[in-house]
Amino acid sequence: MHRYRTHTCGELRKENVHEIVKVSGWVHSVRDHGGIIFIDLRDHYGLTQIVIDPSQPFYKGVEHWRVESTICFTGQVVDRIPEAINPKLPTGDIEIVAKEMETLGESKVIPFQIAKEEECNETLRLEYRFLDLRRDSLHKNIMLRSKVISRMRELMTGEGFMEIQTPILTSSSPEGARDYLVPSRVHPGKFYALPQAPQQFKQLLMTSGFDRYFQIAPCFRDEDARADRSPGEFYQLDMEMAFATQDDVFEVNEKVLHQIFTEFSDKRVDDIPFTRIPYREAMEKYGTDKPDLRNPLVMQDATELFRDCDFKAFAGVVASGGVVKTIAAKGCAGESRKFFDDMIKFAQSVGSKGLGYLRWVDGEIQSPIAKFLSEDTLNQLKQLGGVGDGDVMFFIADKLKPASEIGAAVRDELGKRLGLIDPDVFRFCWIVDFPMYELDDEGKVEFSHNPFSMPQGGMDDLLNKDPLEILAFQYDIVCNGTELSSGAVRNHSPELMVKAFDIAGYDQSIVEEKFPALHRAFQYGAPPHAGIAPGVDRIIMLLADEPNIREVIAFPMNQKAQDLLMGAPGNVEHHQVRDLHLKIHLPKKVEEEIENGGE
RNA sequence: GGGGGUGUAGCUCAAUUGGUUAGAGCGCCAGCCUGUCACGCUGGAGGUUGCGAGUUCGAGUCUCGUCAUCCUCGCCA
């Protein structure tokens, strides 16, 4: 007989009755009836009920064993009496009558309950992550993660992709987020950086002829956390394809994502090919480049209809170059006064001066602003929104950018409040045709996304078009309002690359200095190539229906990028710092704390 | 760095307008109980109300500061 077990806690069934078995696991719950004790023994695979009779020598001891200790039981599998069958458990037809018991690992009193999943302070959960991970929901999320990643590998391999590792210690890249740096011992004053993504490596692999690369790639960015953004590190299903177009990338990703989402969720998944929305259209209709298509509401432009109207608040905005955005919401004219007041408050909370609306009720228009609008204007608005009796149109007037942002927020809020968002569906879309350049805060032309993207019109566009009019082969994949990834057809021509950087104000020497590898590699016969890198954590977050990315990461850091279990970041020995030729220069505040006996 | 929420027993929460000795459920400890499966019953221990000032006859409650944590803006090629 095996030292610890002949069966797991999830596998014994009626057909095992009479067998002598050995099982090991955690004490999930103890039900002590004085004369008889039931223990639910739990492992990764399930729960099995152990029965302990008073005649057993270890009976007295068992009373005192705490939940979450690990114990090994040897005993006989028996049928439960009919009244005692538990249909909630797969093993509920049987139980094990214990003959021997061995304690494997005793547990202290646990800081929060594991068998009962009540809400619990997250700091405590992170400090005791190993216990939190025993809890069913988190345990299941991590298993889901494992299965999804495994399936991703299968699917990618099936599509002819090769998984290739790229360096974790690499050089700092000038673009993008803040890098995590690692000081070099051998080269005083020099630093490695952890990769923000294997971007340049995968492009180099393309020039090396590997044709189709992928990797479940760790990415490191020193940026602040959000609910859907874990600080420090995250994973991407990174991929790149040689001699490939945008459509080739879309085809592979639609196949893989559709398969993963269909296989690992009960929700309906959009048919492929996924909807493609040009960036400009997305901004006009949704006010964002990551629209939640579950929400049927769209924004429309009503600027011209308000240009010469008597409603001075709006006419004034239009006269000063602003816009009026409208959202038509069908069937909500009957909502309470409070609903409309709350919507106005909401709009104000996201930076709007107000929120106008027109309600069509019983053939009349009810609205604080209707009296300022002509019959003709009202009819045109009605036609624009395609509305009728029982419907409402909301209006936001502001400069284009804030109006779009406020409109996007109002659209989301209306979707939620009116229950328009189907929780049982995954709606995907590609956002395509991103602009190559945009103006930064100082009015300077800057790359709007990835400087390695291919301008759609090639050198001709770079030479002849207004930079702000140039579109890139740059795309995002969005699911239910979550941006899963950006990708692009890459610029594989050294000449185009130099020109593209030139427009953004970077000299050729900068390209050579900052991106020496790509600049050199592309001069030795680079294949056209394209790729993308969907975020693994976010995909699993959507599949697990979790609002928080930490729920799908085994050992996440908190918002301040600390690992409360391991104590990272932590202090190191002086000699370690010395070996790295570093001097620590603490902020005044921290120094004072240490002097006051802080550490 | 800015804005917002939260902080009361080991855990989740309550405590009316500022007013008696800060309560409940779970957990823990002790006792009872031979068919439970979130077992049940009885009893008990457990509190610097995050911390520090202030206002007040009186502060869990109000004010200020500070710390922790979450959400968010900035940031995220």
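A note on names: the letters A, B, ... follow the listed sequences, proteins ahead of strands, and every chain is numbered from 1. Small disclaimer: the values here were computed from a predicted structure and weren't measured.
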In whole angstrom, give me the gap between the [atom1] atoms of [N] and [M].
N: B:G1; M: B:U17; atom1: C1'; value: 39 Å
N: B:U8; M: B:G2; atom1: P; value: 25 Å
N: B:G10; M: B:U72; atom1: P; value: 31 Å
N: B:U21; M: B:U55; atom1: P; value: 23 Å
N: B:C13; M: B:U56; atom1: P; value: 35 Å
N: B:A15; M: B:G47; atom1: C1'; value: 14 Å
N: B:G25; M: B:C70; atom1: P; value: 31 Å
N: B:G74; M: B:A24; atom1: C1'; value: 43 Å

Output the rounded distance in Å from [atom1] ([X]) to [atom2] ([N]).
X: A:Lys108; N: B:C29; atom1: NZ; atom2: P; value: 14 Å
X: A:Ile81; N: B:U34; atom1: CD1; atom2: C1'; value: 11 Å
X: A:Glu223; N: B:U72; atom1: CD; atom2: P; value: 15 Å
X: A:Asp222; N: B:G74; atom1: CG; atom2: P; value: 18 Å
X: A:Tyr235; N: B:C76; atom1: OH; atom2: P; value: 23 Å
X: A:Glu119; N: B:U6; atom1: CD; atom2: P; value: 17 Å
X: A:Arg538; N: B:C76; atom1: CZ; atom2: P; value: 14 Å
X: A:Glu438; N: B:A77; atom1: CD; atom2: P; value: 11 Å

Is there a donor-acceptor contact under 3.5 Å linking the side chains of [X] and [Y]?
X: A:Gln200; Y: A:Ser173; result: no
X: A:Gln49; Y: A:Asn86; result: no
X: A:Gln474; Y: A:Asn450; result: no

A:Phe501 and A:Phe515 aromatic ring geometry - parallel, tilted or perpendicular at 30°/60° bounds: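 Tilted: the ring planes of A:Phe515 and A:Phe501 meet at 30° to 60°.
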Indicate whether OP1 or OP2 belonging to [N] is found under 4.0 Å from a side-chain N or O atom of [X].
X: A:Arg221; N: B:A77; result: yes
X: A:Arg226; N: B:C75; result: no
X: A:Gln49; N: B:G35; result: no
X: A:Arg66; N: B:C29; result: yes
X: A:Gln559; N: B:C71; result: yes
X: A:Lys88; N: B:A38; result: yes
X: A:Arg31; N: B:C39; result: yes
X: A:Ser29; N: B:C39; result: yes
X: A:Asn121; N: B:U6; result: no

Thinking salt bridges, do [X] and [Y] make one under a 4.0 Å N-O criterion?
X: A:Lys290; Y: A:Asp476; result: no
X: A:Arg229; Y: A:Glu223; result: no
X: A:Arg80; Y: A:Asp93; result: no
X: A:Asp40; Y: A:Arg31; result: yes
X: A:Glu122; Y: A:Arg129; result: no

5' priority, RNA chain B, between A:Pro111 and A:Glu83 [closest heavy atom]: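 Looking at the nearest nucleotide for each, A:Pro111 comes out on the 5' side.
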Most 5' of A:Pro451 and A:Gly35 on RNA chain B, judged by nearest nucleotide: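 Closest to the 5' end, via its nearest nucleotide, is A:Gly35.
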A:Phe38 aromatic ring stacked with six-membered ring of B:U36, 5.5 Å and 30°: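 Yes, the aromatic ring of A:Phe38 stacks with the base.
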B:C39 base stacked by A:His33 (centroids within less than 5.5 Å, tilt under 30°):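 The base of B:C39 is stacked with A:His33 (centres under 5.5 Å, planes under 30°).
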Taking pairing as Watson-Crick or G-U wobble with both contacts under 3.5 Å, can you name the mate of [N], or confirm there isn't one?
N: B:A68; answer: B:U6
N: B:A38; answer: none
N: B:U56; answer: none
N: B:G43; answer: B:C29
N: B:U17; answer: none

Check every strand shown and say whether [X] touches a base, only sugar-phosphate, or nothing at a heavy-atom separation below 4.0 Å.
X: A:Arg178; answer: nothing
X: A:Leu47; answer: nothing
X: A:Asn86; answer: base
X: A:Ala115; answer: nothing
X: A:Glu95; answer: base
X: A:Ala84; answer: base
X: A:Gln199; answer: base

Candidate nucleotides B:C70, B:A68, B:C37, ranked by approach to the side chain of A:Lys560 - the nearest: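 Of the options given, the side chain of A:Lys560 lies nearest B:A68.
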A:Leu89, nearest nucleotide to its side chain (from B:G74, B:C37, B:A77):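 Of B:G74, B:C37, B:A77, B:C37 is nearest to the side chain of A:Leu89.
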Presence of donor-acceptor pair under 3.5 Å, side chain of A:Arg550 and base of B:C70: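 There is none.
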Presence of donor-acceptor pair under 3.5 Å, side chain of A:Arg80 and base of B:U36: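 Between B:U36 and A:Arg80, which were checked side chain against base, a qualifying N/O pair under 3.5 Å is present.
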